[in-house]
Each structure stands twice: as structure tokens, then as C-alpha cells.
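The structure under discussion appears below in the form of C-alpha cells.
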Amino acid sequence: MCGIIGYCGPKKPAQVLIEGLKRLEYRGYDSSGICVNESANQLCIIKSKGKIKELQKKVSPQLAGTYGIGHTRWATHGVVNDNNAHPHKGCNGKVAIVHNGIIENYEKLREVLTEEGHVFTTETDSEVIAHLIEKYYTGDLERAVKDAVSLVKGTYGIVCMHADEPDRLIGARNGSPLVLGIGQNEMFLASDVTAIIAHTKQVVYLEDREVVNITPTSYVTTDLNDQQIEKDIEQITWELQEMEKNGYSCFMEKEIHEQPEAIKRGITGRLSLEEATAKLGGLNLTTKELIQIERVKIIAAGTSFHAGMVGAYLLESVARIPAIAELASEVRYRNPIIEKNTLYFAVSQSGETADTLYAMKELQRKGATVLGVCNVVGSTIARESDGGVYIHSGPEIAVASTKAFTSQITVFYLLSLLLARLRDMSFENGTKIINDMNSIPAKIDKILAGKNKIMELAKKYAHYPDFLFLGRGINYPVALEGALKLKEISYIHAEGYSAAEIKHGPIALINPDTPSIFLIPNDSLREKVISNMKEVKARKGKVIAVAVEGDKEVSDIADDIIEIPETHELFYPFLMVLPLQIFSYYCALELNRDVDQPRNLAKSVTVE
Ligand code: F6R
């Protein structure tokens, strides 16, 4: 949440900052701002409510400078307006800061600073940082930043500049990500690599309680006690081109279409037909340790939680290991019991979700081994977990997660296969799973080729106010995911349930204005779900069924049908989720919503 960027170097900083903010916009998009040294010892702050394009209108392309900072906001404290947008400054206008995170003791700090004569001009928690730095500044910005942050309780990724220290920026992090980009006679700081990849691929990830002091040609990393820290320089593997829309009208559309390729990338080099198993190098566990696993617990949030639920189902049914997925936000505060021989997975596309990260840390603190299933290389969960697997789906920019879901479940198919083959799965069955897995990308391509029919259905149904999404077994989490997709990008109210559960309450909602989307694969629960569908039809509910091509029984009952290819019953989540993503996407278009940046949301939820 909130994107921050800093730049010092020979290019016009305002241009670099705005371009970087556009790439960070998925982290928050209610307001934005920049600060540059317009002239010697003079800082110029420009802010605007709304998207970055509103800010851009206010910034002259001629705006001079040699260093600057920028911010795109997802409001936590204070309403959305120009004034509360970052950067914030102290009283004399010489210090400017951008902040991502939450300062928990800001009220107390603000009270003390006000008594000392500081005048606050915004409602934000972040402004206290600027005033604290101003208070402690005696000619050394780095020192002042360290003195300031040592009084702060909460989370921060900050970048600061001072009018009297030209071409220097100080970055500090605790709980909110910050990455340093090393260029040719230029340096960058940003909350994630997307902001700087157009300029450099050489990066250094900061850890909590580290501070970095940069000039165009140097950087020094220290801890809060001034101890210098040697950091490894890492290479970003993503290409700039992967962050462009490449002819698609929006990122969500592009990412939906990228799923066959993303799945292929996720399995490349990880499946062995010779041994009929999967190979996952990053687990950091010996074969003996893998065999000793007695149970698996998966923690995650949102779409990643739904992927974790599919994962838990697979681990139980394929590998016969008791497994459960839990909301990370609940695990953290439940004082979780760490059972012997239990392996934990933290699933997170961004690798920065605060709920998942802090639940992981709590589990690790109690002695658990937690492996990460992440997309963003170098993200905090990826670095701080005890090992893990990258999903390799490439950058996901649209706020609504699509390809990350199918790539995350891909990893769980591989993991289940690996663990099953270490137990009692036969070579023959292992081979079958590999072949089924390999056939999925082509089947998804087939669904994508039929997207126009789904578009027509979306046009027909987008104006209904409420939807139910109903599935069973391994497709129950897919129903939850379908409902989440629809509500987050089209703002249509939707609920996901196990189809069996509707008779325990939700069936009361059924009326001609509440369509139900039934997921009816060719599996052992098919007849049961068909009965549930009949119950809905008997109450005059409209039904859209997602079912296997040629399923006459289902098409005779449903009002509309979306056909998918047949597959092994365990693999339907891949094929069921695609039509739901496409349906939500076209409903959002029909309702004229901002598909990539839906209201009130942000891609990377780095606050609790
Ligand atoms: C929904 C969505 C969110 C995220 C959730 C977790 O489309 O994107 O529900 O899935 O915020 O994010 P990650 O996976 O980054 O931990």
C-alpha cells in the first residue's frame, strides 16, 4: 500500500518520479505528490488528489532539479485530498518525506511536537516524521532520520530529503518494503522494483531497521546504531516489457490471457517423467524431512487464501497428508499452537502482505518452519521464509489477482505430487498427474478462445444486484474466488458457498433477481450439485452453469451454460476459475468500472 520513490542523478527528477509513480500506482491511487529541489536550497512540493495523471497535469515538464521523492497514496489516516497527499514537510520547509506504513504512536508524538511549537498542516500520521527529522536536524540528515525513527512505533518505509543537503536521500525501513536501485551515476529508492526497472536491474533489498544514505554515485547502508552493513547486489529477473499492457486494454485482461504461459513457466524444469515426480529446489528440506511431515498448514489472504484452500484439498487427497488453509490475519492473533512435524506455507503473490508476513513471523518465533509460495522475487516473505517456491507468473499489475491464483495452485499440484510420490503414490499414478498437469495450458487456451460467449453472458447479467457462486469439493474455493473477483472489480454483491450449504441458509436469498453460478465438473459430486441446482430452479432462481462441454443434463436445467474441456477431476479448479475471471472482467467493463484499479483497494496490502 502506498508507493514511494526517490531519485538522485542527472535526469530531471520530476519526470523519473512521475514515471515511477505510474508503475507504482497499483499500490494506491487516491492521491499523489512529488518534491524536487527546484533551485538551490529550495524544495518544491506538488500534490494532487486522484490518479497520477492528475498530478502530471500540475507538473511542468521543465521542472528542474537534481534529486527528489514521490508518493502514491492509499489513505489510512486522514481523508483523501491534496493536503493529506505526500510528500510532507516540517515547519521550515527544508525537510520533505514520503512514508509507507502506519505510525502507531503518532498522536503522542504530535502532541509533544505541537507543545514544542511545531505546526501540523495535515491529518496524517506520516507528518510527524518530517517534524521529528526537522527537530533533530543539526546538519546531518542521516543522523536526524535515525534519531526520528528510533522514537517511532509502527511500520515505515520512508525516503527523506533536505534542502541543505543537495543530491542526498535517506531511506529507512521497518515493516514496509524499500529497495535501492543502483544505476550509472544515479540512484533510486522505491517500495518495489517495478518503479525502477526501466532504469536499472541492480538492486539491494533493505531489511528492517536499516538505513541507506544515497548520492548519485554512492550508497552506504547502516543499522540504527551506525554499524555499516554489507549488502548483496541482486539482479531483477523481470523484463520491463512484462510490465506493459502489450496491446491489451488493461492489465487484468492481459494477465487473464497470460495464464497458459504462466502455468508452463511454473512447471518448466519441475516435473520429472523419469521419476514420475516433481522437483522443487527451494524447499530446503531433505527427503527424510519431507517424509516426516505429518501435517501441512497454509496461511494466506484473499485470492491467495483461496489458492491455499485448493492446495490443502490436494495435499490431503493426493499426498494423504492432513492439511488446512487458514486466514493469516486470524492465525497471528490466535496464539497458534505449533505441532510437531507440521510444515507451514505462507502464500502471497506480492510477498509483502502484512497479515501474512506477521503471521509467518509469529509462527517462526514459536519454532515453526514456514515456506513461502511467492511471485515477487526478493519480496519480504520470500526472503524471510525458511525456504519456498516461486510461482514465476511474471509481474501481476492488475489489483484483481488472476494469473497468480492459477500459478499458486500449480505449485500445490507439484508439491502434492512430490509428497505423494515419497509416500504411497505409484509411478503410474504419478505419471498420470504429470500428463494431466501438462495438458492444462492448452485447455485454458480453449476457454480463452471462447471468451466472447462469456462476454455476452456478462452483458446479459451485469445489471443484477446479487450473485451466488456455488461449488463443491476442490471447486468450493473456486466459488469463493469467483465471488471475490466479481465484487472487487464490478462492485456487484456476490457470495461464494459450498453448493451443499445453500439449504442451510443462503437459499432464502434466491429470487428471480439473484442469479447463481454453479460449478459442475464431471466429478464424483456432480449429481449432488445438480440436485442443488434443481433446488434453486424450483425457487425461480436464474442459473448459469459452468460445466463440461456436451453436458446435456446440466444444459437442460440451467438458464445459461459456459462449457469447459473435460479433465481429471482434481484439475477442474484451473478450468473452472477461468470463466469466472472472464465473467467478472466483462461485467466490470459493462458497468464502466476501473478494472485495473477498483475503488478502495490496493494491490499490495502492507498495513494490517
Ligand atoms: C484479490 C486480491 C487480494 C489478494 C490479497 C493477498 O483479487 O488480489 O485478495 O489476493 O490481498 O495478496 P498477496 O497474494 O499479495 O498476499
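Only heavy atoms go into these numbers, but all of them, side chains included; no hydrogens, no water, no symmetry mates. Atoms within each ligand, like the ligands themselves, are counted from 1 in listed order. Residue numbers count from 1 along this sequence.
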Note to self: Looking at Q241, I want to see if its CD is surrounded by more than 12 non-hydrogen atoms of other residues, nucleotides or ligands under 6.0 Å.
What the structure shows: no
Next item on the list: Taking E261 for its side chain and E258 for its backbone only, find out whether a donor-acceptor pair lies under 3.5 Å.
Entry: no
Note to self: Among N284, L283, V389, exactly one meets side-chain contact (heavy atoms from CB on, under 4.5 Å) together with L371. Which residue is that?
What the structure shows: L283
Check: Is the closest heavy atom of S604 to ligand 1 under 4.0 Å?
Finding: no
Checklist line | Polar atom proximity, T353 to ligand 1 (N or O, under 3.5 Å) | finding: yes
Check: What do you reckon, does Q408 have a nitrogen or oxygen under 3.5 Å from a nitrogen or oxygen of ligand 1?
Finding: no
Next item on the list: For S304, counting its heavy atoms only, list the atoms of ligand 1 lying under 4.0 Å from any of them.
Entry: 10 (O), 13 (P), 14 (O)
Checklist line | Nearest non-hydrogen protein atom, atom 11 (O) of ligand 1 | finding: V605 CG2, 3.9 Å
Item checked: Taking atom 8 (O) of ligand 1 as the reference point, the nearest protein heavy atom with its distance -> V399 O, 3.1 Å
Margin query: Using modelled atom types and a 3.5 Å cut-off, is there a donor and acceptor pairing between side-chain atoms of T72 and backbone atoms of G28?
Written below: yes
Margin query: Is it the case that atom NZ in K366 sees more than 12 heavy atoms from other parts of the structure closer than 6.0 Å?
Written below: yes
Notebook entry, point to check: Under 4.0 Å from any heavy atom of A400, which atoms of ligand 1 are there?
Noted result: 7 (O)
Check: What atoms in ligand 1 come closer than 4.0 Å to a heavy atom of K485?
Finding: 1 (C), 7 (O)
Item checked: Enclosure of I337 CD1 (heavy-atom neighbours >12, cutoff 6.0 Å) -> no
Note to self: Need the ligand 1 atom indices (1-based, order shown) with element for anything under 4.0 Å from a heavy-atom of S348.
What the structure shows: 13 (P), 14 (O), 15 (O), 16 (O)
Margin query: Checking a contact table here: which protein heavy atom is nearest atom 5 (C) of ligand 1, and how many Å away?
Written below: A301 O, 3.7 Å
Notebook entry, point to check: What atoms of ligand 1 come within less than 4.0 Å of a heavy atom belonging to E488?
Noted result: 1 (C), 7 (O)
Check: Do E481 and K485 meet the salt-bridge criterion of a basic N to acidic O distance under 4.0 Å?
Finding: yes
Check: Taking the six-membered ring of Y491, is the NZ or CZ of R599 close enough (under 6.0 Å from the centre) and on axis enough (within 45°)?
Finding: yes
Checklist line | Per-atom contacts of ligand 1 with Q349, taking only distances under 4.0 Å to non-hydrogen atoms | finding: 13 (P), 14 (O), 15 (O), 16 (O)
Check: When you measure from atom 15 (O) of ligand 1 to every protein heavy atom, which one gives the shortest distance, and what is it?
Finding: S350 OG, 2.7 Å
Note to self: Whether K51 engages the ring of Y29 as a cation-pi pair (distance to the six-membered ring centre under 6.0 angstrom, angle to the ring normal within 45°) should be assessed.
What the structure shows: yes
Next item on the list: Please report which non-hydrogen protein atom sits nearest to atom 3 (C) of ligand 1, along with the residue it belongs to and the distance in Å to one decimal place.
Entry: T303 N, 4.1 Å
Check: Taking E210 for the side chain and E207 for the main chain, is one N or O donor matched with an acceptor at less than 3.5 Å?
Finding: yes
Notebook entry, point to check: Does G351, backbone or side chain, put an N or O under 3.5 Å from an N or O of ligand 1?
Noted result: no
Checklist line | Residues E244, R23: salt bridge by 4.0 Å N-O rule | finding: yes
Notebook entry, point to check: If you count the atoms of ligand 1 from 1 in the order shown, which ones are under 4.0 Å from a heavy atom of G302?
Noted result: 9 (O), 10 (O)
Notebook entry, point to check: Is there a nitrogen or oxygen of T356 sitting under 3.5 Å from a nitrogen or oxygen of ligand 1?
Noted result: no
